[in-house]
Amino acid sequence: MKNVSEPKKISAWDFKPWWCQPWSILLTGISLISGSWLLLKTVWITVIVAIPLLAWMGFFLLVWPRLMLSSGILEKYQESAQNE
C-alpha cells in the first residue's frame with residue numbers, strides 16, 4: 001500500500017504541452033524519416049534526413065528529461081504550483 005504522504009514522482013513530461021510529449025516526438029521523427037523514403041526512395045537522402053532527426057529525438061527523449069530532473073527546476077516549479 002502506498003503511503004498517502006509520499007510525494008508524486010516528478011516527470012519532466014508533466015510540464016510540457018501535448019505536442020511535445022514522447023509519443024509526438026517519436027511520431028514526428030518516424031513520420032518524417034518514413035516520408036522521405038516513401039517520397040524519394042533514395043537511401044542517401046533518407047540517411048541525411050534521419051541523422052539530424054535521430055539526434056533531435058535522442059536529445060529530447062533521453063538527455064533533456066535527465067537534465068531537467070538533475071537541475072532541480074522541476075521541484076521548484078512543483079512547489080510553487082502547490083503553493084498557489
Side-chain angles (χ1 to χ4, degrees):
M1 179 180 263
K2 284 190 172 184
N3 187 355
V4 176
S5 64
E6 184 178 316
K8 181 183 172 192
K9 185 177 177 184
I10 298 173
S11 171
W13 301 111
D14 293 340
F15 302 98
K16 299 298 281 181
W18 68 268
W19 48 266
C20 196
Q21 295 293 317
W23 62 268
S24 65
I25 293 170
L26 282 172
L27 184 64
T28 302
I30 291 170
S31 298
L32 291 172
I33 294 168
S34 300
S36 73
W37 173 252
L38 291 172
L39 287 173
L40 303 172
K41 303 256 191 291
T42 308
V43 173
W44 66 272
I45 293 177
T46 302
V47 169
I48 290 173
V49 169
I51 290 172
L53 283 171
L54 290 172
W56 168 74
M57 289 167 48
F59 178 78
F60 280 105
L61 293 175
L62 302 173
V63 177
W64 179 81
R66 290 186 197 144
L67 289 174
M68 291 300 289
L69 287 174
S70 66
S71 73
I73 197 167
L74 296 179
E75 289 88 359
K76 292 176 188 174
Y77 187 79
Q78 188 178 35
E79 288 172 5
S80 67
Q82 289 176 349
N83 293 334
E84 290 179 356

Going from [atom1] on [X] to [atom2] on [Y], what distance comes out if it is rounded to the nearest 0.5 angstrom?
X	Y	atom1	atom2	value
I33	L38	CD1	CG	12.0 Å
L69	S11	CG	OG	7.0 Å
D14	K16	CG	NZ	12.0 Å

Answer with yes or no after comparing the ring centroid distance for W56 and W64 against a 6.0 Å cut-off, counting only values under it. no
Using ring-ring contact (aromatic ring centres under 6.0 Å, His included) as the criterion, list what pairs up with W37, not counting sequence neighbours.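 So W37 forms no ring-ring contact (aromatic ring centres under 6.0 Å, His included) with any residue.
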Hits for ring-ring contact (aromatic ring centres under 6.0 Å, His included) against F59, two or more places apart or cross-chain, chain-then-number order -> none
Side-chain (S34) to main-chain (S31) donor-acceptor, under 3.5 angstrom: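 No, the answer is negative, given that no donor and acceptor are paired below the 3.5 Å cut-off.
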If two hydrophobic side chains count as joined below 4.5 Å and joins carry through other members, does [X] share a cluster with [Y]?
X	Y	answer
W19	M57	no
W13	L67	yes
I51	I45	no
F15	M68	yes
L39	V43	no

In this structure, which one of I25, L32, I30 forms a side-chain contact (heavy atoms from CB on, under 4.5 Å) with T28? L32
Min side-chain heavy-atom separation L40-T46 under 4.5 Å: no
What are the two closest heavy atoms between A12 and P65, and how far apart are they? CB-CA, 4.1 Å
Students often mix this up, so state it plainly: with edges at 30° and 60°, are the rings of W23 and W18 parallel, tilted or perpendicular?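 Plane angle under 30°, so parallel.
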Check whether more than 12 heavy atoms from other residues, nucleotides or ligands sit under 6.0 Å from atom CG of L26, and answer yes or no. yes
